[in-house]
Amino acid sequence: MERISNKKVSDSVVEQIEKMIESGTFAIGDKLPSVRELCDLFGVGRSAVRDALTTLKGKGTVDVRRGEGTFICGFDSASLFKSQVMLPSLKDINELFQVRKMLETGIAEVAALNRSDEVVSELEEILSLQTEAGWGSDYNFHMAIAKAAGNDILIQLIEFISAAMKKVMSEFYKKIEEDPETVAEIEHQHQRILQAIKAREPQTARREMMDHLSFVEELLRGSILESA
C-alpha cells in the first residue's frame with residue numbers, strides 16, 4: 001500500500017483505489033472500507049477521501065448507497081460514451097479490442113476506396129512524427145483513417161473507444177519505447193496499412209489492420225499480465 005503525499009491528494013486516492021480494483025484487491029460488488037478507514041489506509045484527510053469517492057462515483061466505478069456504504073460497480077458499456085473511463089479488468093480491454101477489430105478493419109477497407117491525396121499526405125505526415133509522439137501519433141493515425149472513411153458515426157465510435165483506452169494505451173506506449181524492435185515493428189505495420197490505402201487495395205488494408213490490432217492486443221495483454 002502506498003502512502004499519499006502529493007499535492008492533488010484526492011486524485012492520488014482515486015488512482016490508488018483504481019489500482020486496487022484492477023489488481024483484484026477489491027472485486028465487483030465488494031464494499032469499500034469506511035471513510036475513516038480509507039483515511040487511515042492512505043494517510044489523508046476526510047475531505048480528500050470524500051472527493052475521491054465523488055470522482056469514482058462520477059466515473060461509474062463505485063455506487064454510494066445511503067446508510068449502507070460504497071460498493072464497487074461492474075464495468076458498464078454505456079460508460080464508453082462518457083469521458084475519463086477506467087478500464088477495471090483485462091476482460092474489458094479484450095472486449096474493446098474485439099470491437100476495434102470489427103470496426104477498424106472495415107474502416108481501413110472503406111478508407112482505401114474513398115481516400116484522397118490529402119488523406120494520404122496527412123497519414124504520411126503523422127507517421128513521420130510517430131517515434132516522437134507515441135500514443136498521440138497512433139491515435140491521430142487511426143482517427144485520420146476513420147475520417148477518410150467518411151462516416152461520422154464511425155468517427156464518434158472510434159473516439160469513444162480511444163477515450164476509454166487512453167490511459168492504458170498511453171502507459172503501454174511509454175513502456176514499449178524501451179524496446180526499439182517493437183517500436184519499429186509497429187511503425188512497419190502502420191506503413192503497410194498506409195501503403196494499402198494509398199494503393200486503393202481495400203482487402204489488403206483490411207488484412208493489415210487486423211494484423212496490426214492483433215499484434216498490439218497481444219503485446220498489451222502480456223504487459224498487463226506482467227505488471228499484475
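Using a distance-only test at 3.5 Å, with no hydrogens or angles considered, no donor-acceptor pair links the side chain of T61 to the main chain of K57. Looking only at distances, a side-chain donor or acceptor of N114 sits under 3.5 Å from a matching main-chain atom of A149. Judged by distance alone, with hydrogens and angles left aside, the side-chain atoms of S214 form a donor-acceptor pair with the main-chain N or O of M210 at under 3.5 Å.
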- Query: D30 and F71: side-chain contact (heavy atoms from CB on, under 4.5 Å), yes or no, with the steps?
  - Reply: CA-CA 6 Å; D30 282 356; F71 296 81; over 6 Å; no
- CA sep, side-chain torsions, deciding dist, call: L53, L32, side-chain contact (heavy atoms from CB on, under 4.5 Å): CA-CA 10 Å; L53 293 179; L32 284 177; 3.9 Å; yes
- Before giving the answer on side-chain contact (heavy atoms from CB on, under 4.5 Å), spell out for T70 and D63 the whole-Å C-alpha distance, their side-chain angles and the decisive distance to 0.1 Å. CA-CA 6 Å; T70 303; D63 178 26; over 6 Å; no
- Walk me through it: do E218 and R221 pass the test salt bridge (charged side-chain N to carboxylate O under 4.0 Å, His left out)? CA-CA 5 Å; E218 190 63 29; R221 186 187 298 123; 2.7 Å; yes
- Can H212 and I186 be said to form a side-chain contact (heavy atoms from CB on, under 4.5 Å), step by step? CA-CA 7 Å; H212 167 61; I186 291 176; 4.0 Å; yes
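Remark: E181 CD is loosely packed, at most 12 non-hydrogen atoms of other residues, nucleotides or ligands lying under 6.0 Å away. Summarising the local packing, CZ of R65 is surrounded by more than 12 heavy atoms from other residues, nucleotides or ligands at distances under 6.0 Å.
Residues M102 and F215 fall into different hydrophobic clusters, defined by Ile, Leu, Val, Met, Phe, Trp and Tyr side chains chained together at heavy-atom separations under 4.5 Å.
A heavy-atom distance below 4.5 Å is found between the side chains of K101 and E217. Counting heavy atoms from C-beta outward, S116 and V120 have side chains that stay 4.5 Å or more apart. With a 4.5 Å cut-off on side-chain heavy atoms, I145 and M209 count as touching. No side-chain heavy atom of L38 sits under 4.5 Å from any side-chain heavy atom of V13. Side chains of V110 and N151 form no contact here, defined as non-hydrogen atoms less than 4.5 Å apart.
Checked against side chain to side chain contact (heavy atoms under 4.5 Å, CB included), E37 has the following partners two or more places apart in sequence or in another chain: P33, S34. For the side-chain hydrogen bond (donor to acceptor under 3.5 Å, both in side chains) test, residues two or more places apart in sequence or in another chain that qualify with Q203 are E109. With sequence neighbours excluded, the residues that form a side chain to side chain contact (heavy atoms under 4.5 Å, CB included) with I155 are M143, A146, K147, D152, E159. T204 is linked by a side chain to side chain contact (heavy atoms under 4.5 Å, CB included) to A196, E201, R207, E208, counting only residues two or more places apart in sequence or in another chain. Qualifying side-chain hydrogen bond (donor to acceptor under 3.5 Å, both in side chains) partners for E124, counting only residues two or more places apart in sequence or in other chains: K198. Remark: E185 engages Q189, R192 in a side-chain hydrogen bond (donor to acceptor under 3.5 Å, both in side chains) (not counting sequence neighbours).
Interatomic distance, CG of L103 versus CD of Q98, reported as 11.0 Å (0.5 Å rounding). Considering CG of L220 and CE of M169, their distance stands at 6.0 Å, rounded to 0.5 Å. Remark: I193 CD1 to D211 CG distance equals 8.5 Å, nearest 0.5 Å. Summarising the geometry, atom CG belonging to D11 is positioned 6.5 Å from atom OG1 belonging to T55; distances are rounded to the nearest 0.5 Å. To the nearest 0.5 angstrom, E122 atom CD is 10.5 Å from F141 atom CZ. Atom CD1 of residue I197 and atom CD1 of residue I107 lie 10.5 Å apart, to the nearest 0.5 angstrom.
For the pair N140 and I126, the tightest heavy-atom approach, listed with the atom from each and the gap, is O-CD1, 3.5 Å. Looking at every heavy atom in both residues, I28 comes nearest to C73 through CG1-O, 3.8 Å. Minimum interatomic distance between A27 and I72 (heavy atoms only, all atoms of both residues): O-CB, 3.4 Å. Residues A52 and S10 approach most closely at CB-O, 3.6 Å, considering heavy atoms.
Ring planes of H190 and H142: perpendicular class, angle over 60° (limits at 30 and 60°).
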